[in-house]
Amino acid sequence: MVASNPSGSAPSSFDPWEPILAAIVLGLERALTTLGVLATADAVREGLDVEGGPEGDIAFPVHRWAARAKQRPEEFAAQIASAVPASPDVGSVSAKGAYVNFTVEPSVLVSATLEGAIGLGTRWGTRPDTGGEASVEHTSANPTGPLHIGRVRNSIIGDTFARILRAAGTKVTTQYYVDDMGRQAAQITWIWAKPRSEWPDTVRAAVEGLEVPGEKPDQYRGRPYPAVSAYLKDHPEARAEVAGVLGAVERGSPPPEHRPLAQSVLDGMLVSLARLGIRFDEFVWESDFVKDGSVARVLDSLRRAPHAVREENGAWAIDTSGYGLPKDSNRVVVERSDGTSLYVTRDIAFHLQKFGRFARVIDVLGADHLLHARTLEALLAEVGEARRPEFVLYAYIHAPEGGKMSTRAGTAVYLDDLLEEAVARARKEVLQRREDLGAADVERIAEAVGTGAIRYHVIRVAPDKPVVFRWEDALSFEGRSGPFLQYSYARASSVLRKAERDAGPYPFDAARLTDREELALVRVLSRFPRTVAYAARTAHVHAVAGYAHDVADQFNRFYHAVPVIRSGAERESRIALVAATRQTLGNALDLLGVPRLDSM
RNA sequence: GGGCGCGUAGCCUAGCUUGGAUAGGGCACCGGGUUCCUAACCCGGCGGUCGAGGGUUCAAAUCCCUCCGCGCCCGCCA
């Protein structure tokens, strides 16, 4: 039989397990009814263990049903097993202990999975447009210097989640909230607006000799920051100048250099993110909410909010005692005594704008912003907004020597340094293995391997797990790593290339794929749609990383266990299996932002 | 002090949302595998009181309570 595109009968939300599960649920429903126990399809479905157990693909623990039938579980399981009517989708039904185990008819799963993967191509594992629109705000790092790897966890989680949501049928707009109103941004403007001759000696000394022609503007502009910060500590007159810049920004009339400086630093940061495949649909400037009057409108409604309080010095606050915020004070100041706004206030304006445009508003935030998130929710309630953002929180990456990554303390590990190191190491590996390649190909592969290693290293761990950065782990190209996935993808590509079957079609005979490792591979592949849906629903982006490793792992076992090109009657079917693997692994790599490589 | 999160072999980690049979991987270590489709690979071995205690349940890594350790936060900063 020839692989056909099943999208005609079932739209691209295609899960090979659905018909099988439906048959099992129906069988169990009938069996239970026969045995005198009332069962709804939903209740049966709920009790099904779709990950299976040691005895089959799908397991059904019968304890609660046995209790209802007043039977011993072991006996009841046996009764159910013999009462389940035969179905072509289900291979075997058996009872073991208190469990009824179902084993699928392999050819059914093989056909459905290969047809899904090959027929749907890049749409395999995805769902059609569900009509939902979401904003995913991520990164949003202050444009004051190069990104460090702790910050990049935000970017990688956010970008990956955006990709997964798109695969799940949601229209996503990624947003970078550019904070040009912070003290650090004011410090950048303060120092760079002066001619170099007027810089404090300590600051000039700190940058001298480090500047290299052609370096990225975030590196160039951000370099004085630690020295500036130290200088300001004991120079009150300079502090007053910075405060002047900040005040002008807050009043909506920043110095002319302010925005261009922030923009140039941002441009430098974006160059590095682009190497990781991270780009943004929109940039939203915090100061614009002051300029366009929306912050003033927010302040207006906050002053009339149910729990608004006027402080003695004229500042406005919200009494948050009814919201149970975990803070010592039960007040949140929303307007300073000088009439200017604060970060939370502006964030309200931003969120009101988001709610006006998107059905779902998703914010990727470091765990240190949890209180901010709770405060935001309280203040949204105060201004009469019923909707709330969804927060994806992640724990920080700690410096190799422990503690927070800090630019000022010099403990930060910068993305640019990590990129350089990873790509250099990848280059070395490529050169060792491939004497046949030209310089351009070596470089292309090294870049893909180095950046892929970084993305995978960060995304493989659950977001709420605190991580200590270790160079040797981040630069690992073996085992559970990005390059291992890329290598497996390249290996699958290589097989297809050598078989001169790069493009398909991929006809197969499901009955020819009976080897243990072949069927194990099909089972892994068949889980792809379920995995994508799970990751989209729970924001457990790392589930896709674990899944991709499972695919690569089982593919390599298969590869070593059975020949493909040199096989006989199974050849066509095995080629199709390799093609399905390549498609699945490729789609998973796309979701992770790890570059595909056809050879390495 | 309060709130939130984390704790799974020497190290890293999955599973916890929705309780289910023998807790999956990776690194390191030990022993094997390349005249054969890419050895960034594969096979075998070693290694676990799932932080501790209690509770719920036929059944707990998973749910509840207490405690311990670690992290983050508690500003008219962002």
Side-chain angles (χ1 to χ4, degrees), chain A residues 46-47 49 51 53-55 59-64 66-67 72-73 96-99 101 140 142 179 181-185 286 311 313-317 324-329 331-338 340-344 346-347 366-372 374 393 395-396 398 403-404 426 429-430 432-434 449 453 460-462 464-468 470 472-473 476-488 490-499 534 537-538 540 542-543 545-546 549-550 552-553 556-557 559-561 563-567 574 578 599-600:
Chain A
E46 190 96 342
D49 183 354
E51 298 300 329
E55 305 289 331
F60 186 65
V62 305
H63 308 86
R64 76 187 82 228
R72 287 187 40 229
K96 169 112 184 214
Y99 299 83
N101 295 294
S140 301
N142 295 357
D179 176 10
M181 297 191 66
R183 180 159 287 129
Q184 270 191 57
E286 185 173 347
E311 307 278 359
N313 60 12
W316 283 92
L325 297 182
K327 62 203 293 274
D328 296 336
S329 140
R331 293 201 171 171
V332 173
V333 175
V334 293
E335 180 182 324
R336 293 195 186 93
S337 48
D338 66 2
T340 58
S341 63
L342 287 109
Y343 175 69
V344 250
R346 293 169 225 134
D347 213 12
D368 55 339
H369 280 60
L370 180 67
L371 178 58
H372 171 72
R374 296 284 159 262
L393 295 167
Y396 257 53
H398 292 94
K404 278 183 90 167
E429 296 289 329
V430 178
Q432 253 171 35
R433 290 155 217 263
R434 300 287 301 272
V449 169
R460 61 198 270 261
V461 184
D464 41 14
K465 210 98 161 176
V467 169
V468 176
R470 307 243 185 259
E472 63 271 28
D473 293 345
S476 164
F477 294 169
E478 288 164 15
R480 200 153 138 52
S481 73
F484 171 58
L485 306 184
Q486 293 171 310
Y487 179 77
S488 306
R491 174 173 262 177
S493 299
S494 169
V495 170
L496 297 177
R497 198 162 50 236
K498 291 248 164 79
Y534 168 82
R537 181 168 54 84
T538 59
H540 288 186
H542 60 294
H549 178 262
D550 288 349
D553 194 31
N556 284 304
R557 273 185 210 144
Y559 177 89
H560 284 282
V564 176
I565 299 173
R566 299 187 320 276
S567 57
R574 286 185 179 158
V578 173
S599 85
M600 64 187 273

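A quick note: this is a predicted structure, and the numbers were derived from the prediction, not measured. Lettering of chains follows the sequences in order, A, B, ..., and the numbering in each one begins at 1.
- From L485(A), atom CG reaches atom CZ of R480(A) across 9.0 Å, with rounding to the nearest 0.5 Å.
- Looking at R574(A) and P563(A), their side chains come closer than 4.5 Å, going by heavy atoms from C-beta outward.
- One finds no side-chain N or O of R64(A) lying less than 4.0 angstrom from the OP1 or OP2 phosphate oxygen of U57(B).
- The side chain of L371(A) lies closest to C74(B) when the candidates are C76(B), C74(B), C37(B).
- The side chain of K465(A) contributes an N or O atom lying less than 4.0 Å from OP1 or OP2 of G7(B).
- Contact annotation: K498(A) side-chain N/O to U38(B) OP1/OP2 distance is under 4.0 Å.
- Along RNA chain B, the nucleotide closest to G403(A) and the one closest to D338(A) are compared, and the more 5′ of them pairs with G403(A).
- Below the 3.5 angstrom threshold, one finds a donor paired with an acceptor across the side chain of N313(A) and the base of C76(B).
- Contact annotation: S494(A) side-chain N/O to C37(B) OP1/OP2 distance is not under 4.0 Å.
- Taking atom P on both C67(B) and C11(B), the two are 27 Å apart, rounded to the nearest angstrom.
- Taking the side chain of T538(A) as heavy atoms from C-beta on, and the options C4(B), U17(B), C37(B), the nearest nucleotide is U17(B).
- Taking the nucleotide of RNA chain B with the nearest heavy atom to each of R497(A) and R346(A), the more 5' of the two is matched to R497(A).
- Among C76(B), C37(B), U22(B), the nucleotide with an atom closest to any side-chain atom of P54(A) is U22(B).
- Rounded to whole Å, atom P of C74(B) lies 10 Å from atom CG of D328(A).
- In terms of modelled atom types and a separation under 3.5 Å, the side chain of T538(A) and the main chain of Y534(A) share a donor-acceptor contact.
- More than 12 heavy atoms of other residues, nucleotides or ligands shown are found within 6.0 angstrom of CD on E472(A).
- Checking A39(B), C37(B), G5(B) against the side-chain heavy atoms of R491(A) singles out A39(B) as nearest.
- Taking the P atoms as reference points, C63(B) lies 15 Å from A21(B), given to the whole Å.
- In terms of phosphate contacts, K96(A) brings no side-chain nitrogen or oxygen within less than 4.0 Å of OP1 or OP2 of U22(B).
- For C27(B), neither phosphate oxygen OP1 nor OP2 lies less than 4.0 angstrom from any side-chain nitrogen or oxygen of R470(A).
- The side-chain ring of H542(A) is not stacked on the base of A14(B), judged by centre separation under 5.5 angstrom and plane angle under 30 degrees.
- Proximity of P54(A) to K96(A): side-chain heavy atoms (C-beta onward) are nowhere separated by under 4.5 Å.
- Closest contact between the side chain of Y534(A) and the listed nucleotides C16(B), C76(B), A21(B) involves C16(B).
- Both stacking criteria are satisfied for Y99(A) over the base of A21(B): a centre-to-centre distance under 5.5 angstrom and an angle between ring planes under 30 degrees.
- For C43(B), one of the phosphate oxygens OP1 or OP2 lies less than 4.0 angstrom from a side-chain nitrogen or oxygen of R557(A).
- Between the NZ atom of K327(A) and the P atom of G1(B) there is a distance of 20 Å, rounded to whole Å.
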